[in-house]
Amino acid sequence: MNAHGPGIGRLTAAIVAVAAMLPYLTLKILWLTGSSIGLSEPGLMNDPAMVGMNAMTFGMDVVALLLALSFTMRWGLRLPAWLVLLPLWVGIGLLSVVAVAAPVIAVISGLQVFGGGPIAPWIYMMVYGGFVGQAVGLMIAFVLYSRDRWPGVFTTAVNHPFPSPTRPLQAVIAWGALPVAVTIGAAKLAEAFGADTAVLVQEGLKGLLTIAGAVALVAVVRRRGGGPFWRPLVLVWLGSGTLFGWGLYLMIVKSVGGPLSAGGAGGLVDLFGMLTGLVMGMCGAFLLVERSGVRDVQPVQQPLERQYGERDRSTADHGHR
C-alpha cells in the first residue's frame, strides 16, 4: 500500500468523477421533491414507477460518490475488498457502455438524438455528459487505487503459478459460461444490425464485451498466455459487469412497469445475461481471492549495483583463499 496517500492523478480523477455526478444528483433531488424542471409533462415523475426508479438511481449515484471519495482517502485502502469491488463491478459495467456509446451516437446522429419525448434535450445532454465524465473519472481513479492496494494484479503474468483449490470448479464454470455468453452476445449483435444508431451502438458494444469477457475468463482460469494478468482481467470485468449490470437494470425496469418499461426492456436475453454475468463474476471473485497473495511469492529483483557488488566480494574472497 502507498503510505503517502493518493497521488495527484488519483485525486484529479476522483474530483472529475464527483464533479460529473453533482448535476445528476441535483436533478434527481429536484424530481423526487416534485419539481418539473426539464419536463414537458409535469406529472411524469409523479408516477410511482418513476419515483421508485429515480430513488434507485439516486442511491446508485450516491454509492458511486462515496466510492470516489474513498479513492482519495487513506481509509479507503482499509475498506473490505468486496465493499469496493462489488459496486464498482456493477457500476463500471453500466457506465462503460454509456461512456463509449453516448459520444459515438451524438457524433453520428447529431444533437437531434436528444430531441423528442417528454424530457427536454438539455436534460439528456447534461445527464449523459455527466455519465461520460463520471465513468472516465471513476475508472482512472479505481485503476490507480488498485495499483496501490493490489500491485500483484499489475505486476504478474497470466500464467504466474499460485495455489488454487477451486481451480477445477472455476474451469467448469468458465467453460460452461462460454457458450451461453457467446449465444447472448450473438443475439445482441443480431439485434444491433438493422436497428437505429442508438440501438446499433449500445447493443453492438454489449455483444462484443460479452463474448470477449467470456473468452478472457477461460484464458485466465486456464492461465494461458504470458502477458500481464490485468489485460484479460479488464475484459472479464467489463464483460461480466455489463451482462449483470444491464440485465439487472432492465429486469427491474420491466418488473416495476411504468413509462420506462415500454420497448421490450427486460426480455429473456437480458434475464439470461444477468444470470450468466453473475456466474462469471462469482468465478472471477474466487480467482481474485486465491490470487490475492500472489505478490508474496514474486521474485525480488536486486539492484544491479548490489548484484555486482556481491559478485566482486565473492571473487575477492576466492582470491584470498
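A quick note: this is a predicted structure, and the numbers were derived from the prediction, not measured. These numbers come from the heavy atoms of this one structure, side chains and all, not from hydrogens, waters or symmetry mates.
- R147 forms a cation-pi arrangement with F154, by the criterion of a distance under 6.0 Å to the ring centre and an angle within 45° of the ring axis.
- At a threshold of 4.0 Å, the pair D270-K254 does not count as salt-bridged, since none of the basic side-chain nitrogens sits closer than that to a carboxylate oxygen.
- Hydrophobic clustering (ILVMFWY, side-chain heavy atoms < 4.5 Å, transitive): I211 and L275 are in distinct clusters.
- Classification of the Y145-W150 ring pair by plane angle, with boundaries at 30° and 60°, yields perpendicular.
- Atom CZ of F272 has 12 or fewer neighbouring heavy atoms from other residues, nucleotides or ligands inside a 6.0 Å radius.
- In terms of modelled atom types and a separation under 3.5 Å, the side chain of R167 and the main chain of R222 share a donor-acceptor contact.
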Which is it for V136 and V16 under the side chain to side chain contact (heavy atoms under 4.5 Å, CB included) test, yes or no, and what are the steps along the way? CA-CA 8 Å; V136 172; V16 168; 6.0 Å; no
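- The shortest distance between side-chain heavy atoms of M282 and I173 does not fall below 4.5 Å.
- Under the 30°/60° scheme for interplanar angles, the aromatic rings of Y249 and W246 are found to stand perpendicular.
- Looking at L67 and F142, their side chains never come closer than 4.5 Å, going by heavy atoms from C-beta outward.
- Rounded to the nearest 0.5 Å, atoms CD1 (I184) and CG (L271) are 9.0 Å apart.
- Partners of A190 by side-chain contact (heavy atoms from CB on, under 4.5 Å), not counting sequence neighbours: none found.
- V104 is linked by a side-chain contact (heavy atoms from CB on, under 4.5 Å) to I108, V201, counting only residues two or more places apart in sequence or in another chain.
- Remark: Y24 engages F131 in a ring pair (Phe, Tyr, Trp, His ring centres under 6.0 Å) (not counting sequence neighbours).
- Note that the CG atom of L233 and the CG atom of L217 stand 10.0 Å from one another [nearest 0.5 Å].
- No side-chain heavy atom of K28 sits less than 4.5 Å from a side-chain heavy atom of D61.
- Annotation: the span from T57 atom OG1 to M50 atom CE amounts to 8.5 Å, rounded to 0.5 Å.
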